[in-house]
Amino acid sequence: MSAYAFPVVEPPVAATSETAYLIASGDLRPAANEMGWPTQVELERMVTDAFQEVGWKVVRANEIDPHTGHGFISSQRMGLNVFATIPADAPLIVAEAVWQYSHHVLAGLRTHQGPILTVANFAGKWPGLVGLLNLNAGLTKMRRPYSTIWTVDGTDEWFRDGIRSWVETGTIVHDASHVHPLPALPDSPERDLGVALAGQLLRDKAIIGIFDEGCMGMYNAIFDDEVLNAIGIYKERLSQSALWAEMLKVGDEEAREIGRWLLDAGMSFKLGTDPDTELTQEQLVLQYKMYIAALRIADDFGVDAVGIQYQQGLKDLAPASDLVEGLMNNVERPPVRSRDGERVLWEGRAVPNFNEVDEGVAVDSLVTNRVWTAMGLDPATTLHDVRWGEEYDGRFVWVLEISGSVPPSHFANGYADAEGWRQGPMFFPAGGATINGISKPGEIVWSRVYLADGRLNVDIGRGTVVDLPLEESRRRKNATNPEWPIMNLVLHEISRDQFMARHKANHANVVYAPDAETADKALLAKAACFDALGIAVHLCGATALTQS
């Protein structure tokens, strides 16, 4: 008889009736998990109370770790271990009050057989809503059915009714009446422009330079080559190690020239002397070197857009990449010369940047840059986190916010309104400056490219950035991350809950137009380009195309 070591297969854990298991995916950074845990505890209390009201019990799948002081799943391995203890067919709740790394739990969610509910608290202090949307996008990409819901304090009937629906039917149905398929586009110069630009991309192709893939566990932000290649986009896989090595070749004086240019342009910096908690000149010099190095490597490989992972790879080694990314996306920016000094790289042009190497934003930014440039518009684009929002003066005003990679032209007075604040030590131990400010009022086109049902999709719509009183904008910044740039946005005929239920990413891509009429025309051209590339286009809310 053979003496093979067969694996021991544990019998499956049996599910208990009227019981839901609860897990919480967390950050990879210990400080973020520790500091966000009290908010998570309150969310879990709200969830437990709502389930108790309908006669159900909520069981935490893993205990609080006495060493860390929190109950977040903080690694992929930990996620596998926790899922091994959960009955495969049990109703499962993923509760998120903080930013989370989706890949910690995606392996377990992919094979879980019971109904899945994702839930978050609708609050600004911690980016739980951002984490929820990222997780939902990951589940959508891997074609795993799920339901989702959110609440401010757990007492609203809408939330309670949603929980009741889930325990009774295994689903929550949200209103998606704001979503419209792209109609047959009318003959127009804008349609023809979009189709022509799509043809150019398919014929000539484009390269996106990726300094390491998969930032912060964002599975939803990784697009397979076969999907991208079909629309003429190819990846140049670059290394953040090479970026760091190139940074070390840049001299201090050349780096300081970037700083002098920014000061002359009107940008200011909140400087201090303690590098652990304050922004220092040394951090800025390293950021300037990163800006120069990234452009030179991009030039070496002839790429058409650039993304830098930063988290986790560079966070303990170099200051934040956000200042670099915001400058790249701006047409007016400090000049960088080739190594031989003979050329100014991308002179007079924005370099499309996709922050956090979000490849949905890469596709979107590339198309946006070409459409806006061809129309003679400012192509400065940025992604924003869908962070939070509240009613103001009878309208729901979203807070869109990102960690500092907003181009200065998105502020009313450009660089004069841009302030460099130190990135928070919890997420950014090596510091570095943001490009902080309040986005100017005006008309925008927002969009999101994502993967669903194995193909590229895009949701696209219109919005208006509103000019709130300075006191209200500051209140909103202080309720989230005051060091980060903010956009106060009203979406056109899309409610809070419609947008939350539909949006398949933590990010939205945003670009300005000089007026509403031009924004409508640019949206048409952009939608035509996406459509001609074979991307499924969904119009969201009120646009000129949905109203015609």
Side-chain angles (χ1 to χ4, degrees), residues 7-48 51 56-121 126-128 130-139 141-142 144-149 166-167 170 214 216-220 312:
V8 177
V9 180
E10 298 291 339
V13 181
T16 305
S17 64
E18 298 182 338
T19 300
Y21 282 74
L22 183 147
I23 61 171
S25 181
D27 209 295
L28 190 64
R29 295 159 290 198
N33 286 331
E34 293 162 10
M35 295 179 72
W37 180 241
T39 303
Q40 177 70 26
V41 169
E42 177 60 14
L43 170 61
E44 293 185 17
R45 180 200 63 76
M46 291 188 283
V47 172
T48 300
F51 274 83
W56 273 47
K57 179 181 179 182
V58 174
V59 175
R60 236 189 167 278
N62 62 293
E63 300 293 334
I64 298 171
D65 188 324
H67 299 291
T68 65
H70 67 77
F72 289 116
I73 294 174
S74 55
S75 71
Q76 186 169 210
R77 171 53 59 189
M78 182 180 177
L80 292 176
N81 293 340
V82 170
F83 267 94
T85 69
I86 300 173
D89 58 348
L92 180 64
I93 305 162
V94 189
E96 297 301 338
V98 301
W99 170 253
Q100 56 82 38
Y101 282 44
S102 292
H103 83 287
H104 291 171
V105 295
L106 285 178
L109 292 173
R110 187 183 290 275
T111 57
H112 189 73
Q113 299 166 21
I116 295 169
L117 174 67
T118 65
V119 59
N121 55 330
W126 293 92
V130 186
L132 176 83
L133 292 172
N134 180 260
L135 180 63
N136 289 352
L139 289 165
K141 177 185 173 183
M142 68 185 193
R144 182 65 176 86
Y146 65 95
S147 296
T148 188
I149 202 162
W166 191 70
V167 301
M216 294 188 290
M218 293 193 298
Y219 163 79
N220 68 303
Q312 292 289 323

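In this structure, S74 OG and N62 CG are separated by 9.0 Å, a value rounded to the nearest 0.5 Å. One finds the CG atom of L43 at 5.0 Å from the CE atom of M46 (value rounded to the nearest 0.5 Å). Put simply, CH2 on W99 and CG on L28 are 12.0 Å apart, with the number rounded to the nearest 0.5 Å. Rounding to the nearest 0.5 Å places CD1 of I73 at 12.5 Å from CG of D65. Note that the CD atom of Q100 and the CD1 atom of I23 stand 9.5 Å from one another [nearest 0.5 Å]. Of the inter-residue distances, the one linking Y146 atom OH with L92 atom CG reads 14.5 Å to the nearest 0.5 angstrom.
The backbone N or O of D27 sits less than 3.5 Å from a side-chain atom of N33, completing a donor-acceptor pair. Counting only distance, with no hydrogens or angles, the side chain of Q40 and the backbone of A97 share a donor-acceptor pair below 3.5 Å. Using a distance-only test at 3.5 Å, with no hydrogens or angles considered, a donor-acceptor pair links the side chain of T19 to the main chain of S17.
Ring geometry for H104 against Y101 counts as parallel: the plane angle stays under 30°, on a 0 to 90° scale with 60° as the upper cut. Taking the six-membered ring where the residue is Trp, W37 and H70 present tilted rings, their angle falling between 30° and 60°. In this structure, W166 and F51 have perpendicular ring planes: the angle between them is above 60°, well past the 30° mark.
Contact check for E10 versus V8: side-chain heavy atoms found under the 4.5 Å cut-off. Put simply, the side chain of N121 reaches to within 4.5 Å of the side chain of T39, judged on heavy atoms. Side chains of I86 and V13 form no contact here, defined as non-hydrogen atoms less than 4.5 Å apart. Counting heavy atoms from C-beta outward, I116 and L109 have side chains that approach closer than 4.5 Å. In this structure, the side chains of V59 and L22 stay at 4.5 Å or more apart for every pair of heavy atoms.
Residue pairs meeting the ring pair (Phe, Tyr, Trp, His ring centres under 6.0 Å) criterion with at least one member in residues 11-32, sequence neighbours excluded, do not occur.
A 6.0 Å sphere centred on CE of M78 holds more than 12 heavy atoms belonging to other residues, nucleotides or ligands. The 12-atom threshold is not exceeded at CZ of R77, counting heavy atoms of other residues, nucleotides or ligands nearer than 6.0 Å.
Contact record, D89 with P115: O-CD, 4.4 Å, taken as the closest heavy-atom pair. Between A61 and V82, the shortest heavy-atom contact is CB-CG1, 3.8 Å. Nearest heavy-atom pair across W126 and A32 is CZ3-O, 4.2 Å. Residues A14 and P87 share a closest heavy-atom pair of O-CG, 3.5 Å. The heavy-atom pair separating G69 from I64 by the smallest distance is C-CG2, 3.8 Å. Of all heavy-atom pairs between A24 and E44, the closest is CB-OE2, 4.0 Å.
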Residue pair M35, R29: steps toward the side chain to side chain contact (heavy atoms under 4.5 Å, CB included) verdict
CA-CA 10 Å; M35 295 179 72; R29 295 159 290 198; over 6 Å; no

Let's go through M218 and H103 carefully: what are the C-alpha distance in whole Å and the side-chain angles of both, what is the deciding distance for side chain to side chain contact (heavy atoms under 4.5 Å, CB included) to 0.1 Å, and is it a yes or a no?
CA-CA 7 Å; M218 293 193 298; H103 83 287; over 6 Å; no

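A cation-pi contact links K141 to Y219, judged by a cut-off of 6.0 Å to the six-membered ring centre and 45° from its axis.
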Anything under 3.5 Å between a donor and an acceptor, one on a side chain of residues 130-139, the other on a protein residue two or more places apart or in another chain? List them.
residue: N134; atom: OD1; partner: S102; partner atom: OG; Å: 2.6
residue: N134; atom: ND2; partner: N220; partner atom: OD1; Å: 2.6
residue: N134; atom: ND2; partner: N506; partner atom: OD1; Å: 3.0
residue: N136; atom: OD1; partner: T118; partner atom: OG1; Å: 2.8
residue: N136; atom: ND2; partner: T148; partner atom: OG1; Å: 3.2

